[in-house]
Visitor: 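After the structure tokens below, expect a handful of questions from me.
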Number of protein chains: 2
Amino acid sequence: MSDRKRDILLNAVEEYIQSASPITSSNIRSHCSENLSTATLRNELNALEAMGYLRQLHTSSGRVPTAKGYRYFVNSIMGDVPLDKAVLDEIHGIFENRSIYLGDMVNEIADIVSKATNYPAVVMLKGFEKLIIKNVKIVPLMTGQALILIETNSGIINNFMPAKVDIPTQTYVDASNFLTTTFAEHSVADMIQNIENYRVQMGKDLAEFCGIFDTMIDSLKCLCDKIASSGGFTARGQLRLLNSPEYHDLDKAKRVIDALSNPKDLEQIFDEPDDEEISFRIGTEIPVTELQDCAVARADYTIDGESIASIGIIGPQRMDYAKIASALKFVVGEFANLKALDSNKGDKDEQK
Amino acid sequence: MSDRKRDILLNAVEEYIQSASPITSSNIRSHCSENLSTATLRNELNALEAMGYLRQLHTSSGRVPTAKGYRYFVNSIMGDVPLDKAVLDEIHGIFENRSIYLGDMVNEIADIVSKATNYPAVVMLKGFEKLIIKNVKIVPLMTGQALILIETNSGIINNFMPAKVDIPTQTYVDASNFLTTTFAEHSVADMIQNIENYRVQMGKDLAEFCGIFDTMIDSLKCLCDKIASSGGFTARGQLRLLNSPEYHDLDKAKRVIDALSNPKDLEQIFDEPDDEEISFRIGTEIPVTELQDCAVARADYTIDGESIASIGIIGPQRMDYAKIASALKFVVGEFANLKALDSNKGDKDEQK
DNA sequence: GTTAGCACTCTCGCCAATTGACTGCTAATA
DNA sequence: TATTAGCAGTCAATTGGCGAGAGTGCTAAC
């Protein structure tokens, strides 16, 4: 492909992303190639169409990028576009004020990412059980339940468990301390799996904790199951899909929105690992029929090479790829900072 | 109004709520008045139109209820329609498993009510500071923050506050116990306002708690402000508005949905007290211009005569009033049960 | 390789005619 | 007096045709 064709194609795609109306030869002339005539541009556009990057909706209309055209654009222009400063600050604020429950954080991130990009966002929490335990607290409440708080390197896991009222508060404190000293720097999964071994090993010392541990593990398993049954997905900002002219058709929009609340569909997109920083799938590259006239952006947050959470944006193929890429990069970056911060902290102030 | 007119009107409204298409004379004949001719029915419909209960969109179309017609229907038919058993169980489950944060509970209730009715739902948390304290716990975390847990008669208030790492855990326990014994059976507002007095009164005994109390009160005030700034509103299920044929027009739907995320608008509907169990406002009865072709249902949850939370449903005037009324009644009923249960519990197991 | 010019194609908005669904009204009937 | 049958009238919705406008493809000239 000649340099000129490349310029024209990239310009056409960019233009179309902004305007949402088919690109004409005069259109391009006024925006980037003022020294060429429309006739020449028509020849070039014709060639680009033959090459499969553009297509015409009908003989006498302008041209629209094909999935291949978008793909070319995405591969070429992956430079960052600076995000809105207010949005940046808002994202940063969420992470700043991070002594927050993991579940809430996931919701907030989905909200913010959707707001920043103006498309629906999906967050998939893949393995909270892989997070590294820093501290465990079991707090008995008056209502016959207790609150489990597990501080990890990426936020706090919280869950309620049933609790007998006749167990003294101190027992809960002791049990919590035991769990913290035993499982600090281990993963939650480790704790769930290995608590049995510790119990056997330590004999009657732990007898009084047994009941507590059993119900705690049960309730954590329950939480795992709950997250697993929803596939760990949280979708937010579905309404924003309606802002795109391509989804002014309600039925079309509904089909996409329905897919967003169907774990089975989303699974196919987010389950398989993805080692790119930001990946885009366009059109038929998406393994879900209902979404094949969409584009999906995805970024993963990984710890030690394992993906903990995925963030996805779903929109029309004519989505603002550059803006989305920078939003996702920024969010994932904040995630990483968070982890660095936490491990520092963890070293500094040991729990007695 | 004659009995026959009444029958015809109620039937027409009910029919229209189901079918969403204008009611014709032959329509009524086949559904309720098979012994009358369509001509007679036309005379009756004509009379009902003259009385202002129905109106024609154009000369040769069927008739549609006016706001006055819906109002008559609502006042007449307030009998309960049994709700879907699955929905009933789901609502019940939320309250059953009630050791849950107030904030989460509000979200879940909005979700469920919206799901049950198939319309957008709004929950307004008016005065969590009016709730009665049963127990206070301040739990220090590793990240330089502490978790405030206030168990009340209607769920747990939770919020984070900054905390110095060098304060020993026991101080937090003592501070928590002090707050619990001092303010149990008082409202949260009482605690926020009167903690100053207690501090002055008790002198240096409390000196070591001062810092903790100050930051706690600050952070609770912050929470109050945050809730106040959003008007305390949580809207869910906005998308369901699109299911109604009257909102297939996107712009029309968006105007309503925007109003639902505008505290200023919602305030006008939910701020003034409402002593009916379930109240409906139809059309111009709603004090918000953007919502004047909608209907709004509202139910309040009150403690000691004061409204703590309001639940609202927004939909087209052609909404299923009976179904909405029963869903709201059921939810408010569960709320009340909750309170009864809690005060029992409170008597039984005292905190040391 | 580039450009000007012309014919061609297709969408969109507009208008008129047709169709079909209901109603209102009038006159006949119980 | 209340009800009904029948007929004329009204209006929305659909259809088809027409013209304008936008944009292209192609060809011939530069």
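All chains are named by letter (A, B, ...) in the order of the sequence lines, taking the proteins before the strands, and each is independently numbered beginning at 1.
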Visitor: Is the CD atom of B:Gln238 crowded by more than 12 outside heavy atoms at less than 6.0 Å?
Guide: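 Enclosed: over 12 neighbouring heavy atoms sit under 6.0 Å from CD of B:Gln238.
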Visitor: Side chains of A:Ser37 and A:Arg29: do they bring a donor and an acceptor to under 3.5 Å?
Guide: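 No.
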Visitor: Just the rounded figure in Å: distance from C1' of C:dA21 to CZ of B:Arg63.
Guide: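 To the nearest whole Å, that distance equals 14 Å.
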Visitor: Please list, chain by chain and in numerical order, all residues satisfying ring-ring contact (aromatic ring centres under 6.0 Å, His included) with A:Tyr247, sequence neighbours excluded.
Guide: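 ring-ring contact (aromatic ring centres under 6.0 Å, His included) list for A:Tyr247, sorted by chain: empty.
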Visitor: How would you list, by chain and number, every residue that makes a salt bridge (charged side-chain N to carboxylate O under 4.0 Å, His left out) with B:Glu285, sequence neighbours excluded?
Guide: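 Per chain and number, B:Glu285 pairs via salt bridge (charged side-chain N to carboxylate O under 4.0 Å, His left out) with B:Arg71.
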Visitor: With side chains defined as the heavy atoms from C-beta onward, is the minimum distance between B:Asn46 and B:Asn43 less than 4.5 Å?
Guide: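 The answer is no, as the side chains (C-beta and beyond) never meet within the 4.5 Å cut-off.
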Visitor: Contact boundaries of DNA chain D with chain B (under 4.0 Å, heavy atoms), 5' to 3'?
Guide: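 Contacts span D:dT3 to D:dA12, reading 5' to 3'.
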Visitor: Verify salt bridge (Lys or Arg N to Asp or Glu O under 4.0 Å) between B:Arg55 and B:Glu49, making sure each step is shown before the conclusion.
Guide: CA-CA 6 Å; B:Arg55 80 198 160 91; B:Glu49 183 168 2; over 6 Å; no
Visitor: What orientation do A:Tyr70 and A:Tyr321 show, parallel under 30°, tilted 30 to 60°, or perpendicular over 60°?
Guide: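 Because their plane-to-plane angle lies in the 30° to 60° range, the rings of A:Tyr70 and A:Tyr321 count as tilted.
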Visitor: With B:Arg298, which residues qualify under salt bridge (charged side-chain N to carboxylate O under 4.0 Å, His left out), at least two apart?
Guide: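 In terms of salt bridge (charged side-chain N to carboxylate O under 4.0 Å, His left out), with neighbours along the sequence ignored, B:Arg298 is linked to B:Asp274, B:Asp300.
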Visitor: Check the interface with nucleotides 17-19 of chain C: list each N/O to N/O pair with the protein under 3.5 Å, or write none.
Guide:
none

Visitor: List in chain and number order the residues that pass side-chain hydrogen bond (donor to acceptor under 3.5 Å, both in side chains) with A:Lys68, two or more places apart in sequence or in another chain; answer none if no residue qualifies.
Guide: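 In terms of side-chain hydrogen bond (donor to acceptor under 3.5 Å, both in side chains), with neighbours along the sequence ignored, A:Lys68 is linked to no residue.
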Visitor: Which residues in residues 35-58 of chain B have at least one heavy atom lying under 4.0 Å from any atom of DNA chain C?
Guide: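 Result for residues 35-58 of chain B: B:Arg42, B:Asn46, B:Gln56, sorted by number.
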Visitor: Please enumerate all residues that pass ring-ring contact (aromatic ring centres under 6.0 Å, His included) together with A:Tyr53, with sequence neighbours excluded.
Guide: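 In terms of ring-ring contact (aromatic ring centres under 6.0 Å, His included), with neighbours along the sequence ignored, A:Tyr53 is linked to A:Tyr72.
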Visitor: Run the salt-bridge test on A:Glu44 and A:Arg4 with the 4.0 Å N-O cut-off and return the result as yes or no.
Guide: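 A:Arg4 and A:Glu44: salt-bridged.
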Visitor: Of all residues at least two apart in sequence or in a different chain, which pass the salt bridge (charged side-chain N to carboxylate O under 4.0 Å, His left out) check with A:Glu277?
Guide: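 Residues passing salt bridge (charged side-chain N to carboxylate O under 4.0 Å, His left out) with A:Glu277: none at all.
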Visitor: Which protein N or O atoms sit under 3.5 Å from an N or O of nucleotides 7-9 of chain C?
Guide:
| from | atom 1 | to | atom 2 | distance (Å) |
| --- | --- | --- | --- | --- |
| C:dT9 | O3' | A:Thr59 | OG1 | 3.3 |
| C:dT9 | O2 | A:Ser60 | OG | 3.0 |

Visitor: Flag yes if more than 12 heavy atoms outside B:Asp3 fall under 6.0 Å of its CG atom; otherwise flag no.
Guide: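 At most 12 heavy atoms, drawn from other residues, nucleotides or ligands, come within 6.0 Å of this atom.
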Visitor: With a non-hydrogen cut-off below 4.0 angstrom, is A:Ser26 in contact with a base, only sugar-phosphate, or nothing?
Guide: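 No contact at all - A:Ser26 keeps every heavy atom at 4.0 Å or more from the nucleic acid.
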Visitor: Going by salt bridge (charged side-chain N to carboxylate O under 4.0 Å, His left out), name the residues that satisfy it together with B:Asp293, two or more places apart in sequence or in a different chain.
Guide: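 Result, salt bridge (charged side-chain N to carboxylate O under 4.0 Å, His left out) vs B:Asp293: none returned.
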Visitor: Can you establish whether the number of heavy atoms outside B:Lys115 located under 6.0 Å from its atom NZ is more than 12?
Guide: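 Atom NZ in B:Lys115 is not packed in, count stays at 12 or less.
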Visitor: Under a 4.0 Å heavy-atom cut-off, which of residues 2-13 of chain A touch DNA chain D?
Guide: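 None, since no heavy atom is under 4.0 Å.
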